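Shown next, in structure tokens, is the structure this report addresses.
Values in this document were obtained by computation on a predicted structure and should not be read as measured data. All chains are named by letter (A, B, ...) in the order of the sequence lines, taking the proteins before the strands, and each is independently numbered beginning at 1. Side chains included, hydrogens not; waters and symmetry mates left out as well; all remaining heavy atoms used.
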Amino acid sequence: MDKEIKNKLFLAPAAQLDLVKTFECGQCFRWEQDESSVYKGVAHGKALSIWRDGEGIFCDAPESDLSIWRNYLDLETDYDCPAAVFTEPEYLKTCAEYGKGIRILRQEPWEALCSFIISQCNNIPRIKQIIGTLCRLYGEKLDDGIYSFPDARTIAALSESELAPLRCGYRAPYILSAARAVCEGSLDFDALAAMPADDAFTELKRLQGVGSKVASCFMLYGLHRMDSFPIDTWMKKALDRHFPKDYDPAVLGSFAGLAQQYIFFYARTNEEW
DNA sequence: TTCCAGGACCGGG
DNA sequence: CCCGGTCATGGA
């Protein structure tokens, strides 16, 4: 592994960032592990290799990009205090312990919005496959042959037939109209980030193919609004089985979205259904 | 074959 | 407000 590495930059103690959990917990779809357990991905138009070595997490970024990646990986946020609140029901405590080391990535807004539009009524392997094709077809080729996520302007200029190779079915027009809304300025990410949650929610649901769940995911993963609590089929099942009737996730407070991620990850990977 | 996947939308009760 | 059908697609 060391032979080809041009750079080795320390990012964080391994106890603060579990790469496998963070990249495989369902919040993102573009980070892939190679044969030597190095994760490779892209954000802000930059390719990154990141890996664990002993008690540390390292990457190959130049030191001048350190703050970009620490921000993307949300390393400036304390997760121990909010996680310590997730004590009941007992199931939630179990989920929080199981998911320790997950960080909610600060993904780029357009990528998050587009990705979760694609995610609807779809399984994770196929979501990854569709997004991978989208990036290879219309993204920019970076180092290591990795492609960037195509920006909204690029997508907005496409036709529905140009999205046909994605095989994403009825979601294709949703992708196009969302891209056009972003380009025209009728959807403004900065404005959404500054709005009260209810207003941002209403604004997002005006988009075709964006309902409560996709809007919540975008708020959490694209705007890093940690109080957002997306409920999909897995969360429904987990809430139904392990939480009181009419349970209100708002009692989890401003980090409810983190609890949601712990639950989703545990329910999907470590629970029998 | 039917069911399901990080749903949304529309119609009718 | 909730309910059922419908919308592509592919894997189990």
Can you sort out the partners of A/Phe23 under ring-ring contact (aromatic ring centres under 6.0 Å, His included), two or more places apart, ordered by chain and number? A/Trp31, A/Tyr39
Under 3.5 Å, side-chain donor or acceptor atoms of residues 80-100 of chain A against the rest of the protein: list the pairs with distances, not counting sequence neighbours.
{"unit_1": "A/Tyr91", "atom_1": "OH", "unit_2": "A/Glu271", "atom_2": "OE1", "d": "2.7"}
{"unit_1": "A/Thr94", "atom_1": "OG1", "unit_2": "A/Glu90", "atom_2": "O", "d": "3.2"}
{"unit_1": "A/Tyr98", "atom_1": "OH", "unit_2": "A/Thr269", "atom_2": "OG1", "d": "3.1"}

Determine: side-chain N/O of A/Thr233 to OP1/OP2 of B/dG7, distance under 4.0 Å, yes or no. yes
Starting at CZ of A/Phe264 and ending at C1' of B/dG7, how long is that distance when rounded to a whole Å? 13 Å
Which residues satisfy the side-chain contact (heavy atoms from CB on, under 4.5 Å) test with A/Tyr247, sequence neighbours excluded? A/Leu239, A/Phe243, A/Pro244, A/Pro249, A/Val251, A/Leu252
Take A/Gln27 and A/Gly209, find for each the nucleotide of DNA chain B with the closest heavy atom, and name the residue whose nucleotide sits nearer the 5' end. A/Gln27
Can A/Phe116 be called stacked on B/dG6 when the rule is centres closer than 5.5 Å and an angle between planes below 30°? no
Interatomic distance, A/Ile124 CD1 vs B/dA5 C1' [rounded to whole Å]: 9 Å
What contact category does A/Phe265 fall into here, base, sugar-phosphate, or nothing, at under 4.0 angstrom with non-hydrogen atoms? nothing
Taking CD1 from A/Ile231 and P from B/dA8, how many angstroms apart are they, rounded to a whole number? 12 Å
Cationic N near anionic O, under 4.0 Å, A/Asp53 to A/Lys8: yes
Partner residues of A/Arg167 under the side-chain hydrogen bond (donor to acceptor under 3.5 Å, both in side chains) criterion, sequence neighbours left out: none
Can you give one letter per nucleotide of nucleotides 7-12 of chain C, going 5' to 3': B for a protein heavy atom under 4.0 Å from the base, S for sugar-phosphate only, - for none? SBBS--
Under 4.0 angstrom between A/Lys237 side-chain N/O and B/dA5 OP1 or OP2: yes
Residues A/Arg206, A/Glu203: salt bridge by 4.0 Å N-O rule: yes
Regarding A/Leu207, tell me which of base, sugar-phosphate or nothing describes its non-hydrogen contacts under 4.0 Å with the strands shown. sugar-phosphate
Is there any protein nitrogen or oxygen under 3.5 Å from a nitrogen or oxygen in nucleotides 11-13 of chain B, and what are the pairs?
none

Write down the distance between CG (A/Leu113) and C1' (B/dG6), rounded to a whole number of angstrom. 15 Å
Base, sugar-phosphate alone, or nothing: which one does A/Gly26 contact when heavy atoms must sit under 4.0 Å apart? base
